Amino acid sequence: MPITAHPAFNKACSYLKMKLRRIPLNPQTREVDLTKMRRAITRNTCLIVASAPCFPHGVIDPIEDISKISNQYNIPLHIDACLGGFLIAFMDQAGFPLKPFDFRLPSVMSISCDTHKYGFSPKGTSVILYRNETLRQHQFFALADWPGGIYGSPSIAGSRSGYLIACCWATLMLYGTEGYIEETRKIIQTTREIAQGWSQIKGLYLLHQPDVSVVAISSEEFNIYYLFDALHGKGWHLVGLQNPPGIHIAVTQIHTQPGVVDKLLEDTRQCVTEILRSNNRKDTVTAVIYGTNQKVPDKSLICDMTKLYISSWYDTNLDTSKVENVPHIEMTAE
């Protein structure tokens, strides 16, 4: 899979003890190197992954070309459309035609799509589509001799909230096909306005022309994380990227509101002007974090620190008596 594919695949391979081959990008196009992808295939390869689009740069992988490779070697192709699935499905009808990315291609066997993103449903719902029922059958699990009764489960998650499923269905019915086409049109138009505006600001350049709803930028004149923190200070919640350094915005409904794009572009111009004027002498929090990460050759150390940070979320041994304005509650068993 391309190196830009979602870390969920890394996590799955870690859990299942599967070997994962991550394919680098062409540094000019930000698209996966197809020659290296072909060379990485072995007789043990069980799946090829492509993104539509990828999270970091918003690039739709060259799925038609990847499909030809997977078809040649008879390897299933999975399309990760979790981020943009509810946009790319309607872009043709919204006036932004795309190349085939779905079951129109013979080797595409499964597609994942998050309803809680551009489907606008509550978080905690998602969809995986299979080419046929035979493939879907492998996802189901059943146990007939459990003393607790016959057990059946449709997914890894086990029990799911009926409330979330109902809310998701209601949202789909509320928007309908025409509603999603209109929201797609507004979001893609807004995305391209931001991309055009950012590309015209001195000191910035686009990492890739946006294929869907993500605009990613970097700079060759200053540390791009300075801009990340400066915009954060003005209330903009963007995403920091690395390898190469950059920031991106995933355009949503709120960004399509009148005046939002103009405000973002004006704030960006002000921040860039101030950064260039300051001679890059003052480091910011994000610049320090990512700068340190780049200097650590053993990335397992960064992973260990991240896991320690996550572990702290579950720490129940907190002495709240020393924290101001936090009431100390005595718990007693009855």
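On a predicted model such as this, the values are computed, not experimentally measured, just so you know.
- Checked by atom type, the side-chain pair Thr171/Ser121 shows no donor-acceptor distance below 3.5 Å.
- The one candidate from Arg136, His78, Arg131 that meets the side-chain hydrogen bond (donor to acceptor under 3.5 Å, both in side chains) condition with Ser110 is His78.
- Within the 4.5 Å cutoff, the side chain of Val272 has heavy atoms near those of the Leu204 side chain.
- The aromatic rings of His255 and Trp236 lie parallel to each other, with less than 30° between the two planes, well short of the 60° mark.
- Pro122 places a side-chain heavy atom less than 4.5 Å from the side chain of Cys167.
- The side-chain contact (heavy atoms from CB on, under 4.5 Å) test with Phe140 is passed by exactly one of Ser155, Ser153, Pro154: Pro154.
- Side-chain atoms of Phe55 and Thr4, non-hydrogen and from C-beta on, never get closer than 4.5 Å to each other.
- Using a 4.0 Å cut-off between a side-chain N of Lys or Arg and a carboxylate O of Asp or Glu, Glu274 and Arg277 qualify as a salt bridge.
- In Asn132, the CG atom is crowded: over 12 heavy atoms of neighbouring residues, nucleotides or ligands sit closer than 6.0 Å.
- Looking at every heavy atom in both residues, Tyr225 comes nearest to Leu241 through OH-O, 2.5 Å.
- There is no path of hydrophobic side-chain contacts, each under 4.5 Å, that joins Met1 to Ile128.
- Aromatic ring orientation, Tyr180 versus Phe90: parallel (interplanar angle below 30°, classes split at 30° and 60°).
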